[in-house]
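Contents: one structure, followed by commentary.
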Amino acid sequence: MTKQEKTLLLVDGNSVAFRAFFALQNVSSFTNHAGLHTNAVYVFKKILDNILKKYSPANVLVAFDAGKTTFRTKKFTDYKGGRSKTPGELSEQFPYIKQLLVAYGIQNYELTDYEADDIIGTLSRQGEKAGYQVVVVTGDRDLTQLATEQTTVAITQKGFSEIEEYTPAHVQEKYGLVPKQIIDMKGLAGDNSDNYPGVTKVGEKTAIKLLKQYDSVEGVYEHIDEMKKSKMKEHLIEDRETAFLCKDLATIKTDAPLTIGLDDTKRQEADTEKLRTFYEELDLNSFLQELTGEDPTAQQDFTALDVTALTSENLADVPVPANQTVTFYLEMDGKNYHKAPFVGFVFEINGEYFASRDVELLQSKPLVEFLTQPEIKVDVFDSKRTIAGLNRLGITLTGIDFDLLLVSYLLNNTENSDDLGELAVVHGYRQVKSDEQFYGKGAKRAIPTDDDQLFAHLTHKVAAIAALKTELFQELADNEQEDLYWKMELPLAQVLAKMEIAGITVDTDRLEQMKSEFKERLAQIEQEIFNEAGEEFNINSPKQLGHILFEKLELPVIKKTKTGYSTAVSVLEKLRGMSPIIDNILAYRQLAKLQSTYIEGLLKVVFDTDQKVHTRYTQTLTATGRLSSVDPNLQNIPVRLEEGRKIRQAFVPSHPGWQIFSADYSQIELRVLAHISGDEHMQAAFREDRDIHANTAMQIFGLDSEDEVTPNIRRQAKAVNFGIVYGISDYGLSQNIGITRKQAKQFIETYFEKFPGVKKYMDEIVQHAREQGFVETIFHRRRYLPDINHKNFNLRSFAERTAMNSPIQGSAADIIKVAMINMDRQLTEKQMQSRMLLQVHDELIFEVPNEEMADFQKLVNQVMDSAVELAVPLKVECAHGKTWFNAK
DNA sequence: ACTTTCACG
DNA sequence: ACGTACGTGAAAGTT
């Protein structure tokens, strides 16, 4: 299409609105203050923006269906009959979608007795005659019949940013038909969604075959006598009338008696004022933000707060906190609070706000006092971040009362942003911007040089913390989560901060040594691969590698991804032996991973001040209650393969004469399952300290003694145990251990017969989730499962497995958190030098001086064993050595 | 910014 | 018939 040509955009309003509605159907938060649903409006607007941007049309029209009855229902009473009623949540949004269009300056139109399709069909032909390039946007494939050299039909896809464009060539490629034959196809095959039947037993495939031969419905019947005798022929003859009727129904009118013309579709300027009122009424804040842009005057919407700029001169003006509570916020420029530059701070005492960029003021008298005296309570946004930041100034923050981030995470970990502004909005508080809104993002991000602007933002943050305290504490109490907060998460934040600050020492020389060794080996393998491939290419590129393996070397395709051939390990393993290149690629992959992620990656994040890495544990991220570790991630350091495990040689104690000590909970998840399910057999196995996988093997294979359990049988039983913890499915298990689905199903059935308590737990927990909408750990940590009653099988099944797994994984996470808090307390009380360094889900890593080793060993066992009292004992396995590698 | 792959529990 | 194991983070390539 040449640039001079004008574009006419025709949108099927009903169809796109339907797509929009179902794209975000399960997001219950899409309602405005009056309870009106807004999901369809939201997505419709997104799609509209997308296509407007893509096609820059001079003329636009959105067509809607006029009502229930049309000329089609007169011909065929059941037309669209089987269709379930439009949900009320969607139909209430149609008037608003039209309002949106008006504000956008876009014509919308409907015509009695006709469907949106017919309006579009008619205008598209008028547009073509007037020399327009026409684009039709719809979710309905029927409209592809309109495609011509001048008209493209764009079908909206599942997500809302993608569309598939049907030109005549694309229709040909997809169906092997010309666009107008789509009508004939519908005539023969019918259309389920519009509820017209077509010819009995003829579906899309058969219809296409017939049309390739006979061109049209008419053609089929002209040649019907030539066809050899078949069931299909009988059906065709019998349903002749239906076929013609259906073709007629499927035909989109191109001559509807429109009362508007092309001139009326000219796009007008958007009315910003109208849009603003509209977004405000619907509480579509992100659009409101987009509309006002980075206009700093948007701040005017917020109630202005008086803030005193603090200097060394007026420190004495800071009052004594009357109610013994202060709200405090420390701003740093960047995520990594172990090194991010300080931006400033603000605090509120007795309703007065004080702010400054000079964080050293915090070290002076009245300020350091309220931060460090335990009887003065401090409310913050993120305890751990604040503790670690202040620690850099030599200040030990004590007396934390309310932590907005932590409480918010406990209440609902599905909407868990780590941005104060975003989180405040989740809880209905809007008088504060998100950092992205205020500072900008990417290259545009900047800290304002103007004090008033910066202090205003920080002050609004503090005000938000204070405003939400009472309400969120009340919700915590309602959920019976007070202990979880006070006895677990809040003290844990303190412990984690200490671990992060302590850091773990890295032997960079060892890493450098490995790096050059790996470099050589990689070069060697690379050369062999190039020789075997007969050319040089980027082995790290799945695309290029796929091309070499499956096109050039013509190896069989095992699996495809949505972008091309899969080259994952599971695939390569199946290709082993077919070409020597495979083994080399596997070796290359393994080494390259170690080199880039663990050797080079780790070296990049070692602090040059102390030769340590200081990871950050994300305490408010996972859906189950586990921690995660970033920058670097120390929870996925290689261990399974010997080659990778050597990376652990680089993790060493910070003092000579000390050792790395590892303590891990043995089978903690299965023990938790034995506890919460109350299953007698499983509990007995743990009480008698039996090999749990061998025990399972004996049960499901009906063996009498442990001697009969071969390694292979044990391996299968182990996979079954894992499967049970993950929320089992026959398919998943069969994939994992390479058996048929039927066999897997048999295993599971036998398992449930032998462990009826587990079966009962699985059924009950899913039922609980259906009724309550959430599941809980033994410490009342919640996980909400909005999809548990979803009509989509996959989403629902996923929610069901999650319901089974989360209480198990989450309770195990709770237990080790308790152990960490107790361990930290004991080390402090006993004034021991040993330090807790890392947590890897079911394992704690310490550094211990040799002279403390015996005492420490005793202590760690005692503390971890007694973290909680379960119906089965907890078991801890310990090891130590001169590096992490040797602690095995 | 998204996708693929792969490291861990 | 549907098409999956549960929970994470980092690197590299591609768009």
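Both backbone and side-chain heavy atoms feed into the values below; hydrogens, waters and symmetry mates do not. This one's a predicted model, so the numbers in the text were calculated from it and none came from an experiment. Throughout, protein chains are lettered first and strands after them, A, B, ... in sequence-line order, and every chain is numbered starting at 1.
- With A:Arg648 contributing its side chain and A:Pro638 its backbone, the two residues share a donor-acceptor pair below 3.5 Å.
- Across all strands, A:Gly601 comes closer than 4.0 Å only to sugar-phosphate atoms, never to a base (heavy-atom distances).
- Among the protein residues, A:Ser806 comes within range of no part of the nucleic acid, since none of its heavy atoms lies under 4.0 Å from any strand.
- We find that CZ of A:Arg626 is positioned 11 Å from P of C:dG9, with the value rounded to whole Å.
- Using a 4.0 Å cut-off between charged nitrogen and carboxylate oxygen, A:Glu517 and A:Arg521 count as a salt-bridge pair.
- Residue A:Asp418 contributes atom CG, which lies 11 Å from atom P of C:dG9 at whole-angstrom precision.
- Among the nucleotides C:dG13, C:dT15, B:dT4, the one closest to any side-chain atom of A:Ser541 is C:dG13.
- No aromatic stack links A:Phe798 and the base of C:dT4, using centre distance under 5.5 Å and interplanar angle under 30°.
- In this structure, A:Arg783 reaches the C:dG7 phosphate: one of its side-chain N or O atoms is under 4.0 Å from OP1 or OP2.
- Contacts of A:Asn794 with the nucleic acid, taken as non-hydrogen atoms under 4.0 Å apart, involve only primed sugar atoms and P, OP1 or OP2.
- One atom, CG of A:Asp631, and another, P of C:dA11, lie 9 Å apart when rounded to the nearest Å.
- Between A:His338 and A:His614, the ring-plane angle classifies as tilted under the 30° and 60° cut-offs.
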Please evaluate residues A:Tyr565 and A:His547 with respect to the criterion ring-ring contact (aromatic ring centres under 6.0 Å, His included), reporting the C-alpha separation (whole Å), side-chain torsions for both, the decisive distance (0.1 Å), and the verdict. CA-CA 8 Å; A:Tyr565 310 110; A:His547 171 77; 8.7 Å; no
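- Residue-level contact check: A:Ser596 touches the backbone only, with heavy atoms under 4.0 Å from sugar-phosphate atoms and none from bases.
- Between A:Thr624 and the phosphate of C:dC6, there is no side-chain N or O to OP1/OP2 separation shorter than 4.0 Å.
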Give the dot-bracket line for DNA chain C from 5' end to 3' end: parentheses for intra-strand Watson-Crick or G-U pairs under 3.5 Å, square brackets for crossings, | for inter-strand pairing, dots for unpaired. .....|||||||||.
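- Minimum atom distance to the side chain of A:Val639 is reached by B:dG9, of the listed C:dT14, C:dG7, B:dG9.
- Each of A:Tyr731 and A:His841 was assigned the nucleotide of DNA chain C with the nearest heavy atom; the assignment lying further toward the 5' end belongs to A:Tyr731.
- Between A:Phe686 and A:His675, the distance from one ring center to the other does not fall under 6.0 angstrom.
- For B:dT4, neither phosphate oxygen OP1 nor OP2 lies less than 4.0 angstrom from any side-chain nitrogen or oxygen of A:Ser566.
- Considering only side-chain atoms of A:Thr802, the nucleotide from B:dA7, C:dA5, C:dG7 that sits closest is C:dG7.
- Across all strands, A:Ala744 comes closer than 4.0 Å to no nucleic acid atom at all (heavy-atom distances).
- Taking atom P on both nucleotides, C:dC2 is separated from B:dA7 by 32 Å, rounded to a whole Å.
- For the salt bridge (charged side-chain N to carboxylate O under 4.0 Å, His left out) test, residues two or more places apart in sequence or in another chain that qualify with A:Lys817 are A:Glu489.
- Residue contacts shown for A:Leu621 are limited to sugar-phosphate atoms, with no base heavy atom under 4.0 Å away.
- In this entry the distance linking CE of A:Met804 with C1' of C:dG7 reads 16 Å, nearest Å.
- The residue A:Ile808 sits apart from the nucleic acid: no heavy atom pair falls under 4.0 Å.
- Rounded to whole angstrom, the span from the CG atom of A:Asn792 across to the C1' atom of C:dT4 amounts to 12 Å.
- Contact annotation: side chain of A:Arg741 to base of C:dG3, donor-acceptor pair present below 3.5 Å.
- Listed nucleotides B:dT4, B:dT5, C:dG3 differ in distance to A:Lys562; the shortest reach to its side chain belongs to B:dT4.
- Judged by distance alone, with hydrogens and angles left aside, the side-chain atoms of A:Ser417 form a donor-acceptor pair with the main-chain N or O of A:Asp419 at under 3.5 Å.
- Taking 3.5 Å as the limit, the base of C:dT8 and the side chain of A:Ser628 contain no donor-acceptor pair of atoms between them.
- If you check C:dG7, B:dA7, C:dT4 against the side chain of A:Ser729, the one that comes closest is C:dT4.
- Of the candidate nucleotides B:dT4, C:dT14, B:dA7, C:dT14 has the atom nearest to the side chain of A:Lys543.
- Comparing the P positions of B:dC8 and C:dG3 gives a spacing of 31 Å, expressed to the nearest Å.
- What separates CD of A:Glu573 from P of B:dC6 is a distance of 10 Å, to the nearest Å.
- As judged by a 4.0 angstrom heavy-atom cut-off over every strand, A:Asn636 is placed among the base-contacting residues.
- A:Asp842 contributes atom CG, which lies 5.5 Å from atom CG of A:Asp664 (distance to the nearest 0.5 angstrom).
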ring-ring contact (aromatic ring centres under 6.0 Å, His included) for A:Tyr42 and A:Phe287? Distances and angles first, verdict last. CA-CA 9 Å; A:Tyr42 177 86; A:Phe287 295 157; 5.0 Å; yes
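- For the side-chain hydrogen bond (donor to acceptor under 3.5 Å, both in side chains) test with A:Thr567, the passing option among A:Arg589, A:Lys543, A:Gln544 is A:Arg589; the others fail.
- Heavy atoms of A:Ala623 sit under 4.0 angstrom from primed sugar atoms or phosphate atoms, though from no base atom.
- For A:Asn540 against C:dA12, no side-chain N or O and base N or O form a donor-acceptor pair under 3.5 Å.
- One finds no side-chain N or O of A:Arg640 lying less than 4.0 angstrom from the OP1 or OP2 phosphate oxygen of B:dA7.
- Salt bridge annotation for A:Lys552-A:Glu535: present, with a cationic side-chain nitrogen under 4.0 angstrom from a carboxylate oxygen.
- The separation between A:Gln809 atom CD and C:dT8 atom C1' is 9 Å, rounded to whole Å.
- On the P atoms, B:dT5 is 15 Å away from C:dT4, given to the nearest whole Å.
- Phosphate contact (OP1/OP2 of C:dC6, side-chain N/O of A:Arg801, threshold under 4.0 Å): present.
- A stacked arrangement is assigned to A:Tyr726 and the six-membered base ring of C:dC6, with a centre-to-centre distance below 5.5 Å and an interplanar angle below 30°.
- The residue A:Val630 sits close only to the backbone: its heavy atoms come under 4.0 Å of sugar-phosphate atoms, none of a base.
- For A:Thr561, counting side-chain heavy atoms from C-beta on, the closest listed nucleotide (C:dG3, B:dT4, C:dG7) is B:dT4.
- Rounded to whole angstrom, the span from the CG atom of A:Asn805 across to the P atom of C:dT8 amounts to 10 Å.
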